[in-house]
Amino acid sequence: MKEIIFQALPQLFTLENFVFVNLGIFIGIIFGSIPGLNGNLAITVLIPFTFKLGSVPALLMLTAIFFGSNFGGSITAILINTPGTNAAAATLLDGYPLSKKGKTRKALDMALAASTFGGLVSVLCLLFFAPQISKIAIHFGAPEYFALAVFGLSVIASVSGRSILKGVISGAFGVLIATVGIDAVSGVTRFTFGSLQMYNGIKMLAVLLGVYAIAQMISRVNGTEEEEAGTELKKADPSDRLTLGELKSTVPTMLKSSAIGAFIGAIPGTGGAIASYIAYNEAKRCAKPGEKFGEGELKGIAAPESANNGATAATLIPLLTLGIPGDAVAATLLGAFTMHGLVVGPKLFSTSGPVVYAILIGCVISQIVMFLQGKYLLPLFVKITHIPQELLTALLVVICCTGAFSLANSSFDVRVMLIFGCIAYFMQKVELPPVPIILGIVLGPIAEANLRNSLVLSDGSWTIFFKRPICLAFIILTFVLIWLLKKNDKKQRSMEAEFLKKYGENTEK
């Protein structure tokens with residue numbers, strides 16, 4: 001392991017990597033701080049522009065966007081009582097009241113410190129636990145990979161909204177899209193409809209841009225509302241600063257909340273939003289006399305921010321070790337890793353060890369960069385929230401079209417992107433979730449290829465999946481996960497309903 005780390009360090013400490021980490025954090029904070037945008041959208045839009053970069057700088061920038069956007073969501077939550085991201089919904093409960101008291105800078109400083117603290121805890125969990133899990137998983141064969149892919153597809157239940165059936169329909173549609181083109185085993189063309197451009201299949205990135213970006217832009221065009229103007233930061237109020245004593249008093253809360261976030265983030269199908277709710281409730285439960293949550297309490301900012309950032313890197317643990325994307329951002333990053341030649345899963349650390357460790361250690365640096373940018377560029381980020389929504393929408397559509405065209409210098413991919421954008425938009429209208437489409441595209445081919453290989457090994461007998469202990473364990477876990485996710489979904493809805501009842505509709509994104 002030490003040898004791999006020493007090989008990783010020269011790949012990490014370059015000027016190019018430092019520039020792209022800074023750029024990723026900057027872009028992430030911008031997208032996170034504007035309601036209606038998010039880090040996943042930023043990652044999707046920028047993936048095409050990373051193709052000419054090396055794996056390390058490209059993936060460092062994309063993961064930095066993920067980290068930066070989580071902190072960015074707290075800016076508008078504190079300034080205008082509207083969370084920039086879902087994960088920042090609980091931050092406004094004390095952030096906005098503190099801002100109304102004239103302590104805007106103190107609230108933002110607390111959010112920044114808690115975000116950095118939670119992010120560092122999350123990255124360290126990823127750095128130390130992911131390699132150990134991969135050592136166990138490295139012995140997988142084709143049957144285990146098939147069972148693992150099916151287990152990954154069961155995550156569809158967690159991103160299916162109110163109806164698992166609708167999620168399964170979306171996921172099946174994604175698997176169907178993945179079968180388009182020439183079958184690698186038999187050489188038979190499938191669903192090409194006589195089009196030569198379809199022989200190579202439908203590019204995943206074109207679908208990503210359509211499903212995530214274009215559909216969201218159509219929604220913004222149809223329902224853009226004027227946002228309340230943001231609050232300007234005061235420059236000359238010495239009391240509007242987070243003191244060292246106040247920071248020390250929140251350390252136990254941040255430590256507990258970061259642990260909650262890291263634990264929840266590592267479970268597929270959860271994420272920062274529920275982590276922030278749980279952490280906030282726990283901090284409120286343990287409140288000391290005189291601590292008034294909901295009225296501008298610093299711990300009420302520290303708890304949700306350290307929790308939702310504590311979940312960020314932890315969501316990459318099942319992705320990197322097992323190839324299971326636990327949420328929408330992880331699914332997008334799965335596509336990014338694949339496009340840069342890194343096959344996530346049990347063999348990732350053995351086949352691409354130096355590159356992976358360079359990225360993981362770089363994630364630690366990303367948290368430090370986020371703190372520095374937040375500290376010195378916060379007035380700029382506040383002003384960015386005033387950019388007209390119409391201008392942003394038009395700019396993003398142009399960037400998406402450019403990115404889709406750059407895939408193969410072909411207008412075909414642009415048309416694919418626009419078609420899937422329209423499909424995803426109408427799917428949202430009938431409450432068919434779009435995220436399972438991506439999971440189906442990514443995991444469908446893995447399940448198909450390993451199913452065929454497994455049946456070849458067993459001479460066509462399906463009992464091979466029940467005779468191998470690891471396969472049987474994943475089959476059992478699949479059913480357990482679906483049951484737990486349904487139970488967790490009910491709990492999250494009840495928590496959100498309670499928050500909405502107490503604190504109003506602004507807790508919705």
Side-chain angles (χ1 to χ4, degrees), residues 12 20-33 38-40 42-43 59-75 77 84-88 90-91 108-130 242 247 250-251 253-266 270-276 279-280 301-317 319-320 326-327 329-330 333 359-378 381:
L12 172 62
F20 282 106
V21 166
N22 274 273
L23 182 62
I25 292 293
F26 185 81
I27 293 172
I29 294 177
I30 291 174
F31 272 73
S33 63
N38 53 60
N40 193 37
I43 293 170
L59 294 171
L60 278 176
M61 183 179 78
L62 296 176
T63 51
I65 291 173
F66 182 27
F67 301 142
S69 65
N70 250 43
F71 163 64
S74 67
I75 295 177
T85 60
N86 287 331
T91 304
L108 290 170
D109 285 346
M110 185 71 260
L112 176 61
S115 297
T116 305
F117 188 94
L120 286 172
V121 170
S122 184
V123 169
L124 291 175
C125 289
L126 173 65
L127 186 59
F128 288 110
F129 292 131
L242 184 67
L247 180 62
T250 61
V251 169
T253 300
M254 289 192 292
L255 189 59
K256 181 190 295 184
S257 301
S258 299
I260 291 172
F263 177 76
I264 291 175
T270 52
I274 189 170
S276 63
Y280 184 88
I301 302 173
E305 279 304 299
S306 54
N308 63 42
N309 283 271
T312 51
T315 61
L316 302 181
I317 294 177
L319 174 68
L320 297 182
D327 59 10
V329 179
L333 287 174
I359 295 168
L360 297 186
I361 299 172
C363 289
V364 178
I365 298 174
S366 295
Q367 302 299 326
I368 299 172
V369 170
M370 182 178 74
F371 178 79
L372 295 175
Q373 284 198 18
K375 184 175 178 63
Y376 295 107
L377 300 180
L378 201 52
F381 293 131

A.B. asks: Looking at every non-hydrogen atom in both residues, tell me the closest pair between M370 and L112 and how far apart they are.
C.D. replies: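 M370 and L112 have their closest heavy atoms at O-CD1, 3.8 Å.
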A.B. asks: Taking atom CG of L127 and atom CG of L316, what is their separation to the nearest 0.5 Å?
C.D. replies: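 Going from CG on L127 over to CG on L316, the span is 12.0 Å.
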A.B. asks: I would like to know whether F31 and I65 meet side-chain contact (heavy atoms from CB on, under 4.5 Å); could you show each step before the answer?
C.D. replies: CA-CA 9 Å; F31 272 73; I65 291 173; 5.9 Å; no
A.B. asks: Compare every heavy atom of A113 with every heavy atom of L247, then report the nearest pair and how far apart it is.
C.D. replies: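 For L247 versus A113, the nearest heavy atoms are CD1-CB, 3.8 Å.
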A.B. asks: Any side-chain heavy atom of T250 within less than 4.5 Å of one from F117?
C.D. replies: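 Side chain of T250 against side chain of F117, heavy atoms only: no contact under 4.5 Å found.
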A.B. asks: I'd like to check I365 versus L12 (side-chain heavy atoms, cut-off strictly below 4.5 Å). Are they in contact?
C.D. replies: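 Yes. Closest side-chain heavy atoms under 4.5 Å.
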A.B. asks: Working to the nearest 0.5 angstrom, can you tell me the gap between F20 CZ and I25 CD1?
C.D. replies: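 Spacing of CZ (F20) from CD1 (I25) equals 14.5 Å.
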A.B. asks: For the CG atom of L60 and the CD1 atom of I361, what is their distance to the nearest 0.5 Å?
C.D. replies: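 Here the rounded value is 10.5 Å.
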A.B. asks: Under the side-chain contact (heavy atoms from CB on, under 4.5 Å) criterion, do V369 and L372 qualify, and how do the steps go?
C.D. replies: CA-CA 5 Å; V369 170; L372 295 175; 5.6 Å; no
A.B. asks: Distance-only check: which donor-acceptor pairs under 3.5 Å involve side-chain atoms of residues 257-266, not counting sequence neighbours?
C.D. replies:
{"from": "S257", "atom 1": "OG", "to": "T253", "atom 2": "O", "distance (Å)": "2.8"}
{"from": "S258", "atom 1": "OG", "to": "M254", "atom 2": "O", "distance (Å)": "2.6"}

A.B. asks: Closest heavy-atom contact between S366 and F67?
C.D. replies: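 The answer is CB-CD1, 3.9 Å.
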A.B. asks: Indicate yes or no for a side-chain donor-acceptor contact from S122 to the backbone of G118 under 3.5 Å, with no hydrogens or angles considered.
C.D. replies: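 Side chain of S122 to backbone of G118: no pair is present.
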A.B. asks: Indicate the atoms forming the closest heavy-atom contact of Q373 with N22, along with that distance.
C.D. replies: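 Closest pair (atom of Q373, atom of N22, distance): NE2-O, 2.8 Å.
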A.B. asks: Less than 3.5 Å apart, which donor and acceptor atoms pair up between the side chains of residues 303-311 and the rest of the protein, not counting sequence neighbours?
C.D. replies:
{"from": "E305", "atom 1": "OE1", "to": "S115", "atom 2": "OG", "distance (Å)": "2.8"}
{"from": "E305", "atom 1": "OE2", "to": "T91", "atom 2": "OG1", "distance (Å)": "2.6"}
{"from": "E305", "atom 1": "OE2", "to": "N308", "atom 2": "ND2", "distance (Å)": "3.3"}
{"from": "S306", "atom 1": "OG", "to": "A302", "atom 2": "O", "distance (Å)": "2.6"}
{"from": "S306", "atom 1": "OG", "to": "A303", "atom 2": "O", "distance (Å)": "3.2"}
{"from": "N308", "atom 1": "ND2", "to": "A87", "atom 2": "O", "distance (Å)": "2.9"}
{"from": "N308", "atom 1": "ND2", "to": "P304", "atom 2": "O", "distance (Å)": "3.0"}
{"from": "N309", "atom 1": "ND2", "to": "S115", "atom 2": "OG", "distance (Å)": "3.1"}
{"from": "N309", "atom 1": "ND2", "to": "E305", "atom 2": "O", "distance (Å)": "2.8"}

A.B. asks: T312 and N70: which non-hydrogen atoms are nearest, and at how many Å?
C.D. replies: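 Residues T312 and N70, closest heavy atoms: CG2-ND2, 3.3 Å.
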A.B. asks: Side chains of L59 and L333: does their closest heavy-atom pair fall under 4.5 Å?
C.D. replies: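 Answer no - side chains too far apart.
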A.B. asks: If you define the side chain from C-beta out and look only at heavy atoms, does anything of V123 sit under 4.5 Å from L360?
C.D. replies: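 No. Closest side-chain heavy atoms not under 4.5 Å.
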